[in-house]
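Encoded as structure tokens, the structure appears first; notes follow it.
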Amino acid sequence: GAGVSQSPSNKVTEKGKDVELRCDPISGHTALYWYRQSLGQGLEFLIYFQGNSAPDKSGLPSDRFSAERTGGSVSTLTIQRTQQEDSAVYLCASSLVGGNTGELFFGEGSRLTVL
Amino acid sequence: RKEVEQDPGPFNVPEGATVAFNCTYSNSASQSFFWYRQDCRKEPKLLMSVYSSGNEDGRFTAQLNRASQYISLLIRDSKLSDSATYLCVVNFAGYSSASKIIFGSGTRLSIRP
């Protein structure tokens with residue numbers, strides 16, 4: 001399909017393990033966003049990429065979280081030493097340009113459960 | 001204070017009713033505004049952009065009040081299929097042209113037959 005693809009769709013891990021979440025944006029979209037949504041809550045901004053660079057990392061909750069984007073395409077969000085409070089749905093979105101005018105297209109999310 | 005605030009609801013209204021939501025934002029330099037819709041356990045999808053002059057799309061009307069820093073969404077002749085969470089979205093564009101798009105926590109709407 002031509003939409004934003006995220007993997008894995010579901011991940012159950014033990015506290016203290018590292019996890020890697022992947023986002024494959026729509027081809028040609030230069031802007032890529034990561035958000036986190038806990039059950040019944042709104043979307044929490046994590047990080048934004050324009051091309052391969054991340055002008056705004058202000059939303060990353062702690063230094064256990066990191067993200068990168070390569071080739072202006074695929075992005076990975078890595079959470080080290082996972083904690084139970086990291087359990088949430090991690091949503092990735094892409095847009096053709098920076099968000100001023102571009103509609104955000106979301107993937108279906110990666111549901112992370114930390115036991 | 002949250003950057004974008006919404007009444008969480010739930011709003012429970014009968015089919016055919018008119019319902020309105022407001023959203024306030026804290027950063028006066030905000031540049032663009034949107035309403036997204038999110039169905040249960042689904043990803044958000046764009047409902048409509050919000051323009052300074054106000055805009056309408058069928059039964060949906062969006063308004064922006066920059067002086068008071070709020071935006072609104074009005075739904076007329078509500079349908080059962082309008083039941084969802086409505087997310088207010090604000091773009092805070094910075095000096096470096098970095099674009100921070102902030103979502104409100106959403107207003108839940110439930111339409112009853």
Side-chain angles (χ1 to χ4, degrees), chain A residues 1 3-7 9-10 23-26 29-60 69 88-111 113, chain B residues 1-10 21 23-27 29-52 55 57 62 64 84-108 110:
Chain A
V4 176
S5 177
Q6 291 188 245
S7 61
S9 54
N10 274 288
C23 174
D24 203 340
I26 293 172
H29 280 195
T30 57
L32 186 148
Y33 300 79
W34 282 99
Y35 292 87
R36 175 168 76 172
Q37 187 171 33
S38 300
L39 188 63
Q41 303 297 311
L43 274 70
E44 177 188 0
F45 172 84
L46 298 179
I47 190 169
Y48 156 71
F49 287 92
Q50 183 62 40
N52 290 335
S53 65
D56 192 338
K57 304 179 183 179
S58 63
L60 293 177
R69 188 179 185 194
V89 176
Y90 289 81
L91 289 160
C92 174
S94 70
S95 71
L96 190 57
V97 295
N100 202 31
T101 55
E103 174 183 353
L104 293 186
F105 294 85
F106 282 86
E108 295 185 345
S110 291
R111 183 176 300 276
T113 303
Chain B
R1 183 186 172 188
K2 289 183 181 178
E3 292 174 291
V4 179
E5 292 204 68
Q6 294 182 250
D7 180 345
F21 315 130
C23 163
T24 59
Y25 58 94
S26 61
N27 189 334
S30 302
Q31 293 193 349
S32 50
F33 310 88
F34 311 88
W35 283 102
Y36 275 68
R37 170 191 170 131
Q38 186 174 26
D39 293 295
C40 188
R41 292 185 167 263
K42 295 288 189 182
E43 71 276 17
K45 292 184 179 177
L46 178 68
L47 177 65
M48 59 195 302
S49 301
V50 185
Y51 302 121
S52 297
N55 50 299
D57 183 1
L64 167 63
T85 296
Y86 291 83
L87 303 168
C88 171
V89 182
V90 177
N91 176 23
F92 300 101
Y95 298 111
S96 63
S97 79
S99 193
K100 183 174 179 179
I101 299 181
I102 302 298
F103 283 70
S105 55
T107 298
R108 281 192 295 136
S110 178

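Excluded from the calculations below are hydrogen atoms, water molecules and symmetry mates; all remaining heavy atoms, backbone and side chain alike, are included. The model shown is predicted, which means the values in this text are computed figures rather than measured ones.
Heavy atoms from other residues, nucleotides or ligands lying under 6.0 Å from CD of A/E108 number 12 at most.
Within the 4.5 angstrom heavy-atom criterion, only side-chain atoms of A/S58, from C-beta onward, approach chain B. With a 4.5 angstrom heavy-atom cutoff, A/L43 touches chain B via backbone and side-chain atoms both.
In this structure, the side chains of B/E43 and A/V4 stay at 4.5 Å or more apart for every pair of heavy atoms. Between B/Q38 and A/Q37 there is a side-chain heavy-atom pair separated by less than 4.5 Å. Side chains of A/F45 and B/I101 form no contact here, defined as non-hydrogen atoms less than 4.5 Å apart. Between B/P44 and A/L104 the shortest side-chain heavy-atom distance does not fall below 4.5 Å. In this structure the side chain of B/R41 reaches within 4.5 angstrom of the side chain of A/R111, judged on heavy atoms.
Here the OG-CG distance, from A/S95 to B/L46, works out to 11.5 Å after rounding to the nearest 0.5 Å.
For B/R37, the salt bridge (Lys or Arg N to Asp or Glu O under 4.0 Å) partners at least two apart in sequence or on another chain are B/D39.
The six-membered or imidazole ring of B/Y36 lies away from that of A/Y35, with a centre-to-centre distance of 6.0 Å or more.
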